[in-house]
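A quick write-up on the structure given underneath.
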Amino acid sequence: DQQVKQNSPSLSVQEGRISILNCDYTNSMFDYFLWYKKYPAEGPTFLISISSIKDKNEDGRFTVFLNKSAKHLSLHIVPSQPGDSAVYFCAASVWGENQFYFGTGTSLTVIP
Amino acid sequence: ETGVTQTPRHLVMGMTNKKSLKCEQHLGHNAMYWYKQSAKKPLELMFVYSLEERVENNSVPSRFSPECPNSSHLFLHLHTLQPEDSALYLCASSQGLAANEQFFGPGTRLTVL
């Protein structure tokens, strides 16, 4: 059973607007969350993370929000740029364990 | 070379073939991982090596056999695979197991005929 779910396989956004990518998880033990970005023919690259002691982490145009009670996290990209077009994966883990659990990814297209 | 490299990038093999996937990391990390990504499925962790010792084997069939001769290299030996094993195989590395992030290679796209 999937412990991390990204229910939107794809998302299209106009350049300059906000992109919001969502992720839900089922395991309440998860306490560390990451977003990865993947371009075609490349491996995923780390984008931003958040631990469960925070509800928000910001890095430039990227902000991750964590709602522990809803077991939900989201990635906001503002303003969106065409170079942001990629597949975005969220991942979760229990800190100290060997395993990250990944979602199936959301393909973001930013339209110029 | 920098980062994590994987060879070959594409591989087509028959069910009776034996082949190997290679991963090399140039980051000085001490943990390495094999993941499988099938179409429309999340990345599935297959194996974890820390300091060249296997610490995780997620119920992977024995037709997949990993090898970690040193902290920079990781192999996945393939033997008598099935068509459903066709997938993208990703290697990753990290500094320590409880790491903030893992660094991924570009993957090997495997097709089993």
Side-chain angles (χ1 to χ4, degrees), chain A residues 1-10 21-27 29-54 57 59 62 64 75 86-107, chain B residues 2-10 21 23-27 29-51 53-60 74 87-109:
Chain A
D1 190 30
Q2 257 181 265
Q3 299 193 53
V4 178
K5 295 181 183 178
Q6 293 176 258
N7 292 318
S8 297
S10 61
L21 297 102
N22 294 304
C23 180
D24 297 291
Y25 61 95
T26 56
N27 188 344
M29 298 295 291
F30 288 148
D31 54 7
Y32 188 67
F33 306 87
L34 309 91
W35 284 94
Y36 280 84
K37 175 179 178 180
K38 184 181 184 302
Y39 292 118
E42 295 182 14
T45 54
F46 171 75
L47 190 58
I48 193 169
S49 64
I50 189 167
S51 75
S52 59
I53 61 171
K54 297 174 123 179
N57 189 25
D59 183 3
F62 301 91
V64 56
L75 175 68
V87 178
Y88 290 78
F89 294 95
C90 68
S93 73
V94 178
W95 182 258
E97 291 193 355
N98 301 336
Q99 182 152 350
F100 286 109
Y101 295 85
F102 284 83
T104 49
T106 295
S107 178
Chain B
T2 58
V4 182
T5 57
Q6 289 186 244
T7 54
R9 296 294 308 274
H10 299 271
L21 310 185
C23 175
E24 185 172 359
Q25 59 95 3
H26 310 267
L27 300 167
H29 290 164
N30 56 18
M32 296 187 78
Y33 311 77
W34 278 117
Y35 285 88
K36 174 184 178 183
Q37 186 181 21
S38 304
K40 295 192 168 61
K41 288 189 173 180
L43 271 72
E44 301 169 53
L45 181 66
M46 300 174 73
F47 301 104
V48 181
Y49 276 82
S50 173
L51 299 170
E53 285 197 20
R54 194 190 312 179
V55 297
E56 197 86 39
N57 177 349
N58 274 5
S59 304
V60 180
L74 185 65
L88 180 68
Y89 289 85
L90 288 159
C91 171
S93 71
S94 66
Q95 185 52 36
L97 289 173
N100 287 349
E101 61 179 287
Q102 295 174 6
F103 293 77
F104 285 84
T108 295
R109 174 69 62 187

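In the text below, chain A, chain B and the rest are named by the order of the sequence lines, each starting its count at 1.
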Nearest non-hydrogen partners of B/Leu88 and A/Lys38, listed with the distance:
CD2-CE, 4.2 Å
Contact class of B/Arg9 relative to chain A, heavy atoms under 4.5 angstrom
side chain
Taking side chain to side chain contact (heavy atoms under 4.5 Å, CB included) as the definition, give me every residue that meets it alongside B/Pro8, ordered by chain and number, with sequence neighbours left out.
B/Leu11, B/Leu21, B/Thr108
Greatest number of non-hydrogen atom pairs under 4.5 angstrom with chain B, of A/Ala91, A/Pro44, A/Pro9, falls to A/Pro44
Write down the atom of B/Pro42, the atom of A/Phe102, and the distance for their closest heavy-atom approach.
CB-O, 3.0 Å
Among A/Tyr101, A/Phe89, A/Tyr36, A/Phe100, exactly one meets side chain to side chain contact (heavy atoms under 4.5 Å, CB included) together with B/Leu43. Which residue is that?
A/Phe89
Would you check if the distance from the ring center of B/Phe104 to the ring center of A/Phe46 is below 6.0 Å?
no
Toward chain A, the part of B/Val48 with a non-hydrogen atom under 4.5 Å
side chain
Out of curiosity, A/Ser93 OG to B/Glu101 CD, how far, rounded to the nearest 0.5 Å?
12.5 Å
Part of B/Gln6 lying under 4.5 Å from any heavy atom of chain A:
neither
Where on B/Leu90 is there a heavy atom nearer than 4.5 Å to chain A: the side chain, the backbone, both, or neither?
side chain
Where B/Pro106 and A/Ala41 come nearest, the two heavy atoms and their spacing:
CB-O, 3.9 Å
Measure from the side-chain N and O atoms of B/Tyr33 to the backbone N and O of A/Gln99, and report whether any donor-acceptor pair falls under 3.5 Å.
no
In this structure, OG1 of A/Thr104 is separated from CD of B/Gln37 (nearest 0.5 Å) by 9.0 Å
When only pairs under 4.5 Å are counted, which of A/Ser51, A/Gly103, A/Gly105 shares the most heavy-atom pairs with chain B?
A/Gly103
